[in-house]
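First the proteins, then the strands, lettered A, B, ... as listed; each starts at 1. Just so you know, these numbers use all the heavy atoms, side chains as well, and skip hydrogens, waters and symmetry mates.
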Amino acid sequence: MPADPVKELAAALGAAAGAELELERPGEPEHGDYATNVALRLAGARRQPPREIAAELAEAVTELEVVERAEPAGPGFVNVFLRDEWFASALAGILEDGDAYGGGGVAGQERVQVEMVSANPTGPILVSHARNGAYGDAVARLFELAGHAVEREYYYNDSGGQMDRFRASVEAVRRGEEPSEDGYHGAYVRDLAALKGDPVPLMLKEMEGTLERFRIHFDTWRRQSELEERLPELLPRLDTYEKDGALWARSSAYGDEEDRVLLRSGDRSPTYRAADVPYLVDKLERGFDRAIYVLGADHHGTRNWYAAVARMLGYDPERVEVLVYQPVHLTRGGEQTKMSKRRGDVVFLDEFMDEIGVDAARWYLANRGPDQAIDIDVDLAAERSQKNPVYYVQYAHARIAGILRNAGDAAVSAVPAGPLAAEERELVKRLAELPAVAADALVKRGPQGVPNYAIRVADDFHRFYHEHRVLESDQQAFRLALCRATRAVIARCLDLVGVDAPERM
RNA sequence: GCGCCCGUAGCUCAGUGGACAGAGCGGCGGACUUCUAAUCCGCGGGUCGGAGGUUCGAAUCCUCCCGGGCGCACCA
């Protein structure tokens, strides 16, 4: 069972107090190391003034060895002050966990598939797709840290109207003609025309290269045309009806907003929605306990469609999950850049990474909650890159790496040689938050909590560093232990959002 | 019209029931013979869009209103 020092403390305090309680970190130092509002919660049921309950709980809790003192405060909080022994054992637990720290604690392991990006291969990966990937990949990494088995999948269309226009555009250039008005016109179309063969696999290869550079690795790639072969077998299993010469799914009866067309009137060709059906079956038949779709807000209208299909086919809709995120707006010199695939002025992810770097790109796109639209001034992001929080956090990591290099094989111990300083205690408490931060980010499907926490860790470390020497201090062994744990926590946080943890800067 | 998302410091945003609301950037002023100054310390900056309601307690939950974004295809 991986360490969670705060949870363990809460359990111990709760046992002593005879009530389940949660701990929070008060904003004011006078309010103790941790505080609980449990007395306020109990007041109603016990018909007793919260201050009175708080006083009783404080007394009970003081019996614990790690508690120096506890006191009732405010409207009915219990403020808890801890002895150095607690900080030592918390630090020891963190170090023992090593790479596993921050994760675990899940009841059962799930097989999870995160399908993301899934942009059709009609052009290079754009910054808008990158947010999809940065978000989906961060969620995937949170699942992995928690102990689940995750596969990342890319689904793409290789047939249909859009792809026909794309191929025709490349063919036109190869014949020395201009692509048609509704075709594709970017410089990349000319690059593809210079190569031989079907441009679709060539385009995909390039997209995969961009995504690898963005540090997203896909385990599997799924083609729409291949999945469509199962349509004749699967469509009869759906609840459908004929209207206006088309075949409709009665999805509104299964939780969707509306019914969807599966086969067009006229040529009876399958729609994109039809292809969703064999694809969903394919996912569930492959045994994923949870199939996650990552969709941009412009597709949020279909967020209930997937679970509706699952219901229609008799699968548990709980296995299907849709994550929606808001768009990215890039500005350059204050002017908004439109991100349409067919225009020449689109922002490619590769260009974006060229300008601000992979680390800053991943950071910026994971740093905001999925419900928040992201505004990035590219000029500012590149120009002021030295002041980006991502470098602030990386710098803390590099500083620690430097200290540990200089320390060589000096002794390391979580047991302090003397009384702990305020900065040391604050840092340990901060490190102890990681399991809760990671668990919360996973539950909310909101990875932004991780980079925000990483800034706090770096903050506490830089302050500690400024006040105290590590090497050749009378607390060297303890401080080396603190450095090791801090480095591990920062590295973990950076990794969760796909950012490198540098040894030097 | 209906649905989803957003509205918090000059700017970009954290913060989904707790104590006087936070960070970065920007502004002003300080700190390097010291393990990395890409750092640290201080100052200034807010009717948390508005109005009601629930609660011992609301930026956070509920209702309504205002403002902005995105959807409401036999495109994907």
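Remark: the separation of the P atoms in B/C56 and B/G10 is 35 Å, to the nearest Å. Nucleotides B/C48 and B/G22, compared at atom C1', are 12 Å apart to the nearest Å. Rounded to whole Å, the C1' atom of B/U39 lies 22 Å from the corresponding atom of B/A14. B/G68 sits 35 Å from B/C28 when the P atoms are compared, rounded to a whole Å. Straight-line distance between the P atoms of B/G57 and B/G1: roughly 37 Å, to the nearest whole Å. Separating the P atom of B/U60 from that of B/U8 is a span of 14 Å, rounded to the nearest Å. Comparing the P positions of B/A37 and B/C41 gives an interatomic distance of 14 Å, to the nearest angstrom. Look at the P atom in both B/C4 and B/U63: the space between them is 10 Å, to the nearest Å.
To the nearest angstrom, P of B/C41 lies 10 Å from CG of A/Asp460. One interatomic measurement links the two molecules: CZ of A/Arg368 to P of B/U8, which rounds to 13 Å at whole-angstrom precision. Regarding A/Tyr465, its OH atom lies at a distance of 10 Å from the P atom of B/A38, rounded to whole Å. As rounded to whole Å, 12 Å separates atom C1' of B/C70 from atom OH of A/Tyr325. Distance A/Gln162 CD to B/A73 C1': 14 Å, rounded to the nearest Å. Between the CG atom of A/Asn452 and the P atom of B/U16 there is a distance of 11 Å, given to the nearest Å. Between the CG atom of A/Asn388 and the P atom of B/G26 there is a distance of 10 Å, rounded to whole Å. As rounded to whole Å, 17 Å separates atom C1' of B/G7 from atom CD1 of A/Ile374.
A/His462 comes within 4.0 angstrom of sugar-phosphate atoms only, judged by non-hydrogen atoms across all strands, and of no base. Residue-level contact check: A/Ala398 touches the bases, meaning some heavy atom is under 4.0 Å from a base atom. At the heavy-atom level, A/Arg273 lies under 4.0 Å from base atoms of the strands shown. Residue A/Asn37 is classed as a base contact, given a heavy-atom separation below 4.0 Å to a base. Using a 4.0 Å heavy-atom cutoff across all strands shown, A/Asp244 reaches at least one base atom of the nucleic acid. Heavy atoms of A/His468 sit under 4.0 angstrom from at least one base atom. Heavy atoms of A/Ala246 sit under 4.0 angstrom from at least one base atom. Nucleic acid contact for A/Asp276: none, since no nucleic acid atom lies under 4.0 Å from a heavy atom of the residue. As judged by a 4.0 angstrom heavy-atom cut-off over every strand, A/Arg504 is placed among the base-contacting residues. Across all strands, A/Gly369 comes closer than 4.0 Å only to sugar-phosphate atoms, never to a base (heavy-atom distances). Across all strands, A/Glu467 comes closer than 4.0 Å to no nucleic acid atom at all (heavy-atom distances). Residue A/Ala43 is classed as having no contact, given no heavy-atom separation below 4.0 Å to the nucleic acid.
Applying the salt bridge (charged side-chain N to carboxylate O under 4.0 Å, His left out) test to A/Glu321 and every residue at least two apart in sequence or in another chain returns A/Arg290, A/Arg445.
The base of B/A76 sits within donor-acceptor range of the side chain of A/His299, with an N or O pair under 3.5 Å. With hydrogens and angles left out, the side chain of A/Asn367 and the base of B/A23 share no donor-acceptor pair within 3.5 Å. Put simply, the side chain of A/Ser265 and the base of B/C74 share a donor and an acceptor less than 3.5 Å apart. For B/C20, its base sits under 3.5 Å from the side chain of A/Glu28 at one donor and acceptor pair at least.
Phosphate proximity of B/A37 to A/Arg399: present, with a side-chain N or O under 4.0 Å from OP1 or OP2. Side-chain N/O atoms of A/Gln448 include one lying less than 4.0 angstrom from OP1 or OP2 on B/G15. The side chain of A/Arg463 contributes an N or O atom lying less than 4.0 Å from OP1 or OP2 of B/C41. Side-chain N/O atoms of A/Gln372 include one lying less than 4.0 angstrom from OP1 or OP2 on B/A14.
In this structure, A/Val450 and A/Leu142 have side chains that are in contact, with non-hydrogen atoms separated by less than 4.5 Å.
Along RNA chain B, the nucleotide closest to A/Gln326 and the one closest to A/Phe464 are compared, and the more 5′ of them pairs with A/Gln326. Along RNA chain B, the nucleotide closest to A/Tyr272 and the one closest to A/Leu40 are compared, and the more 5′ of them pairs with A/Leu40.
A donor-acceptor pair under 3.5 Å is formed between the side chain of A/Arg51 and the backbone N or O of A/Gly74. No donor-acceptor pair closer than 3.5 Å links the side chain of A/Arg260 to the backbone N or O of A/Arg273.
The aromatic ring of A/His31 is stacked on the base of B/A19, with the two ring centres less than 5.5 Å apart and the planes inclined by under 30°. Put simply, A/Tyr392 does not rest on the base of B/G24: the two rings are not both less than 5.5 Å apart at their centres and under 30° in tilt.
Across B/A19, B/C74, B/C35, the shortest atom-to-atom separation from the side chain of A/Trp248 is found for B/C74. The listed nucleotides are B/A23, B/U16, B/C35; the one nearest the side chain of A/Lys444 is B/U16. Of the candidates B/C35, B/A76, B/C5, the closest approach to any side-chain atom of A/Asp371 belongs to B/C5. With distances taken from any side-chain atom of A/Thr271 to the nucleotides B/C75, B/C4, B/C13, the minimum falls on B/C75. Residue A/Phe77 places its side chain closer to B/G18 than to any other of B/A76, B/C40, B/G18. Relative to the side chain of A/Asp375, the nucleotides B/C35, B/G3, B/U12 differ in distance, and B/U12 lies closest.
Shown here is A/Glu242, whose CD atom has more than 12 heavy atoms of other residues, nucleotides or ligands within 6.0 Å.
Pair assignment for B/U47 gives none, since no Watson-Crick or G-U wobble pairing has each distance under 3.5 Å. A 3.5 Å limit on both hydrogen-bonding distances identifies B/G22 as the Watson-Crick or G-U partner of B/C13. Searching all strands for a Watson-Crick or G-U wobble partner of B/C2 with both distances below 3.5 Å returns B/G71. The partner of B/U60, taking Watson-Crick or G-U wobble pairs whose two distances both stay under 3.5 Å, does not exist in any strand shown. B/C40 is paired with B/G30 under the criterion used here, namely a Watson-Crick or G-U wobble arrangement in which both key atom distances are under 3.5 Å. Of all nucleotides present, only B/C66 satisfies the Watson-Crick or G-U wobble test against B/G7, with each distance under 3.5 Å.
Using a 4.0 Å cut-off between charged nitrogen and carboxylate oxygen, A/Arg487 and A/Glu503 count as a salt-bridge pair. No salt bridge links A/Arg456 with A/Asp460; every basic N to acidic carboxylate O contact stays at or beyond 4.0 Å. The pair A/Arg25-A/Glu426 meets the salt-bridge criterion, since a charged nitrogen lies less than 4.0 angstrom from a carboxylate oxygen.
Using modelled atom types and a 3.5 Å distance limit, the side chains of A/His468 and A/Glu424 yield no donor-acceptor pair.
In this structure, A/Phe166 and A/Tyr188 have parallel ring planes: the angle between them is below the 30° cut-off, well short of the 60° mark.
For B/C32, the glycosidic angle deviates from 0 by 90° or less, giving a syn base.
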